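Taking it in order: structure first as structure tokens, then the write-up.
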Amino acid sequence: MTVRTMYATGEPCWADLQTPDVAAAKDFYHRIFGWTYQDFPTPDGRSYAQAFLRGHLVATIAPQNPLQLQAGTSAKWNVYFAAKDAGDVLEEARHAGGAAQFGPEQVGDTGVLGFLAPPGGGTTGIWQAGSHYGSHLLNEPGALAWAELFSPEPRAAVGFFQQLFGHEVTEYPQDDGGSYSTLLIDGKEVAGVVPADEGEEADWQIYFGVADVAAAAAAAQAAGGEVLVEPDEEPADGSLATIRDPQGGILNLIQVT
């Protein structure tokens with residue numbers, strides 16, 4: 001186990017869940033990942049939960065805002081990219097053909113938060129570290145392992161992230177004539193960009209590691225969730241499954257050593 005103590009600019013550093021039922025989500029994900037929690041009050045009298053694995057912070061489960069609750073919005077996982085200056089990144093997003101959606105907002109002494117979208121859409125979190133720098137674990141069972149953006153404008157999205165963070169790019173041609181793009185920092189692949197299917201809206205797919213993807217998918221189903229993409233019959237490292245929690249949050253599972 002390697003404990004992370006920092007993230008490079010442009011590297012996905014954190015994921016959190018916004019849900020209409022924090023207590024139910026805590027129970028669901030505990031049964032999959034074995035997470036333990038520490039609860040903290042929100043200004044409106046509710047609470048959010050920090051999720052820990054073997055004492056290491058790996059995620060947050062937070063209540064939806066009142067507008068999301070009123071609209072009956074499903075739970076949703078968000079991914080955040082590390083930034084030296086969230087305000088500068090949000091400003092640059094406008095010049096790079098994207099949109100600044102929220103922030104920058106100071107979150108106590110923990111850091112500065114923002115949300116932006118590349119051309120074609122796909123809400124993306126930005127995090128400027130204060131006392132909180134991101135997940136203490138990465139690419140391990142129970143922790144964030146990968147993120148990829150499905151975009152109707154993949155080439156524009158790739159160029160957008162290159163302009164914001166200086167990502168290098170590797171292209172993997174696909175059988176359908178498209179290309180799977182990976183974003184790299186210092187030669188290391190950190191995220192992917194995938195052409196969306198016709199009519200499909202842009203969205204991030206977030207992956208958490210598990211030691212046994214078949215067992216994790218079965219645990220999700222037993223906990224009241226739904227398995228949207230079944231794991232391989234004989235899963236190995238890299239094998240995938242997709243689950244939906246009882247509040248509608250979709251999360252991908254990837255088997256890692």
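A quick note: this is a predicted structure, and the numbers were derived from the prediction, not measured. Basis for what follows: all heavy atoms, side chains included, without hydrogens, waters or symmetry-related copies.
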Closest non-hydrogen atom pair, L144 against A15: CD1-CB, 4.2 Å
Common cluster, W204/V158, ILVMFWY with side-chain heavy-atom separation under 4.5 Å: yes
Stepwise side chain to side chain contact (heavy atoms under 4.5 Å, CB included) test for I243 and L228: CA-CA 5 Å; I243 62 173; L228 302 178; over 6 Å; no
Pairwise distance CG(L137) to CG(L53) - rounded to 0.5 angstrom: 6.0 Å
Flag for E189-T182: side-chain donor and acceptor within less than 3.5 Å: yes
Donor-acceptor under 3.5 Å (D212 side chain, A215 main chain): yes
S239 and Q255: side chain donor to acceptor below 3.5 Å: no
R46/D44 ion pair, N-O < 4.0 Å: yes
Any side-chain heavy-atom pair of D203 and L149 under 4.5 Å: no
Residues T19, I61; criterion side chain to side chain contact (heavy atoms under 4.5 Å, CB included); working and verdict: CA-CA 7 Å; T19 178; I61 297 176; 3.8 Å; yes
Cluster link L164 to V112, ILVMFWY, side chain under 4.5 Å: no
Test item: H167 side-chain N/O and G10 main-chain N/O as donor-acceptor pair under 3.5 Å: yes
Exercise: identify the closest heavy-atom pair between P152 and A202: CD-CB, 3.7 Å
Shared hydrophobic cluster, Y29 / Y48 (ILVMFWY, side-chain heavy atoms < 4.5 Å): no
L183 side chain near V169 side chain, heavy-atom distance below 4.5 Å: yes
Approximate separation, where rounding is to 0.5 Å, of K76 NZ and D245 CG: 12.5 Å
salt_bridge(E11, R4) N-O dist < 4.0 Å: yes
Closest approach of A129 to Y133 (non-hydrogen atoms, all atoms of both residues): CB-CA, 3.7 Å
Heavy-atom closest contact (P63 atom, Q18 atom, distance): O-NE2, 4.4 Å
Nearest atoms (heavy-atom pairs only) where P119 meets A156: CB-CB, 3.8 Å
Donor-acceptor pair between Q163 and E92 side chains, under 3.5 angstrom: yes
E140 side, atom CD; T257 side, atom OG1 - distance, nearest 0.5 Å: 10.5 Å
Any donor-acceptor N/O pair, Q64 side chain to S74 backbone, under 3.5 Å: yes
Interatomic spacing from CG in L138 to NE2 in H56 - rounded to 0.5 Å: 13.5 Å
Short side-chain donor-acceptor distance under 3.5 Å, S181 and R155: yes
Hydrophobic cluster of Y207, others only, ordered by chain and residue number, side-chain cut-off 4.5 Å: W146, F150, Y172, Y180, V194, L240, I254, V256
Test item: F28 and P246 side chains (from C-beta on) under 4.5 Å apart, heavy atoms: yes
Hydrophobic cluster of L67, others only, ordered by chain and residue number, side-chain cut-off 4.5 Å: none
Hydrophobic cluster identity match, F161 and V89, side-chain contacts under 4.5 Å: yes
Euclidean distance, L116 CG relative to T123 OG1, rounded to 0.5 Å: 8.5 Å
Partners meeting side chain to side chain contact (heavy atoms under 4.5 Å, CB included) with A59 (sequence neighbours left out): W35, A51, W77, F208
Flag, side chain of Q106 to backbone of G108, donor-acceptor distance under 3.5 Å: yes
ILVMFWY cluster membership beyond L57 - transitive side-chain contacts under 4.5 angstrom: W14, F52, Y80, F102, V107, L113, F115, W127
Partners passing side chain to side chain contact (heavy atoms under 4.5 Å, CB included) against D85 (at least two apart in sequence or in another chain): D88, Q128
Exam field: side chain Q221 to backbone A218, donor-acceptor pair closer than 3.5 Å: no
Side-chain H-bond candidate by donor/acceptor type, T60 with Q50, under 3.5 Å: no
Side chain to side chain contact (heavy atoms under 4.5 Å, CB included) between L253 and F33, intermediate numbers included: CA-CA 11 Å; L253 309 175; F33 299 125; 3.9 Å; yes
Shortest non-hydrogen contact from Q247 toward A25: OE1-N, 4.0 Å
Linked, directly or transitively: V3 and Y7 (ILVMFWY side chains, under 4.5 Å): yes
Pairs flagged by salt bridge (charged side-chain N to carboxylate O under 4.0 Å, His left out) wherever residues 17-32 is involved - sequence neighbours left out: K26-D39, D27-R31
Side-chain donor or acceptor of S131 paired with backbone N/O of D109 under 3.5 Å: yes
Straight-line distance of E226 CD to T242 OG1, nearest 0.5 Å: 11.0 Å
